[in-house]
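Please read the structure below before turning to the comments.
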Amino acid sequence: MTLCDYFSAADDQAAVAVAERPGGSAEAALDVVFLKNIDPVVAIAQLEAILTDCTYEEASQRPRSGQLLSSPENDAVLVFSLSETLGEALAAAAPADLLRVAEPWSMTAELLQCQVDAQAALGILEALAGLAQRADSAGLRLYCRWSL
C-alpha cells in the first residue's frame, strides 16, 4: 500500500528534507494530510483538470505538477511538488465546488482502482482544500511525500 502524505512547506528544499527524515512528514511538525494510494502525479493531475475545467494533459504539463524533487535513487520515499494552480484552486474552492468535483474524480481509473467512492473523494477533497487554505494563508507551497 502506498502512503501519500500531502503537506505544506516553505520551499522545495524544506520539502525534500522531509524525505530524509526517518519519521517523514509526521515527525517534521508540518501541516499534513495523510492519505493512502492518492498518487501525486496522475490522480492529482486528474483532480486539477476536473477542478479547473481543463484537460488532463494541460493539468499534467503545468509547472510543478507532479514534479519529482527528491532523488529518484531513493525509490522507497519520494517527494513531489503540486502545481500552484491546483493549490490556488483548492484554497479558493467552496464546499459546493468540492461536492461538484467529488463524483467525477471518484470515477477516474485511479480512484476506482483504489475503491474511492464519491463520498470518500469528498472527504479527501475537503482535507486537501483545508491544507491548501492554510498553506495559502501562510505563504507555503503544497507537496506530497510518497512512500511504500
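Computed from a predicted model, the values in this text were never measured in an experiment. Just the heavy atoms: all of them, side chains too, but no hydrogens, waters or symmetry mates, feed the values below.
Expressed to the nearest 0.5 Å, how far CG of L90 lies from CD1 of I44 amounts to 8.0 Å. We find the CG-CH2 distance between L122 and W105 to be 10.5 Å, quoted to the nearest 0.5 Å. If you take CG on L128 and CG on L35, they are separated by 5.5 Å, rounding to the nearest 0.5 Å. If you take CZ on R100 and CG on L51, they are separated by 6.5 Å, rounding to the nearest 0.5 Å. In this structure, OG1 in T85 is found 10.5 Å from CD in E58, a value given to the nearest 0.5 Å. Distance CG/L99 to CD/Q119: 8.5 Å, rounded to 0.5 Å.
Across S70 and L78, no two heavy atoms sit closer than the pair OG-CA, 3.3 Å. Listed here is the closest heavy atom pair of C4 and W146: SG-CD1, 3.7 Å. When all heavy atoms of C54 and E48 are compared, the closest pair comes out as SG-O, 4.4 Å. Scanning all heavy atoms of the two residues, the minimum distance from A121 to S106 falls at CB-CB, 4.0 Å. In this structure, A59 and A45 approach most closely via the heavy-atom pair CB-O, 3.4 Å. Heavy-atom minimum distance, L69 versus S81: CD1-CB, 3.8 Å.
When side chains are defined from C-beta on, F7 does not count as touching L142, because their heavy atoms never get closer than 4.5 Å. Side-chain atoms of T52 and R62, non-hydrogen and from C-beta on, do get closer than 4.5 Å to each other. By the 4.5 Å heavy-atom criterion applied to side chains, I38 and Y6 are counted as neighbours. In this structure the side chain of T108 reaches within 4.5 angstrom of the side chain of L111, judged on heavy atoms. Residues E126 and L98 are in side-chain contact: their nearest non-hydrogen atoms beyond the backbone lie under 4.5 Å apart. Residues Y143 and S8 are not in side-chain contact: their nearest non-hydrogen atoms beyond the backbone lie 4.5 Å or more apart.
Around the CD atom of E84, the shell of radius 6.0 Å holds more than 12 heavy atoms that belong to other residues, nucleotides or ligands.
Using a 4.0 Å cut-off between a side-chain N of Lys or Arg and a carboxylate O of Asp or Glu, D12 and R64 qualify as a salt bridge.
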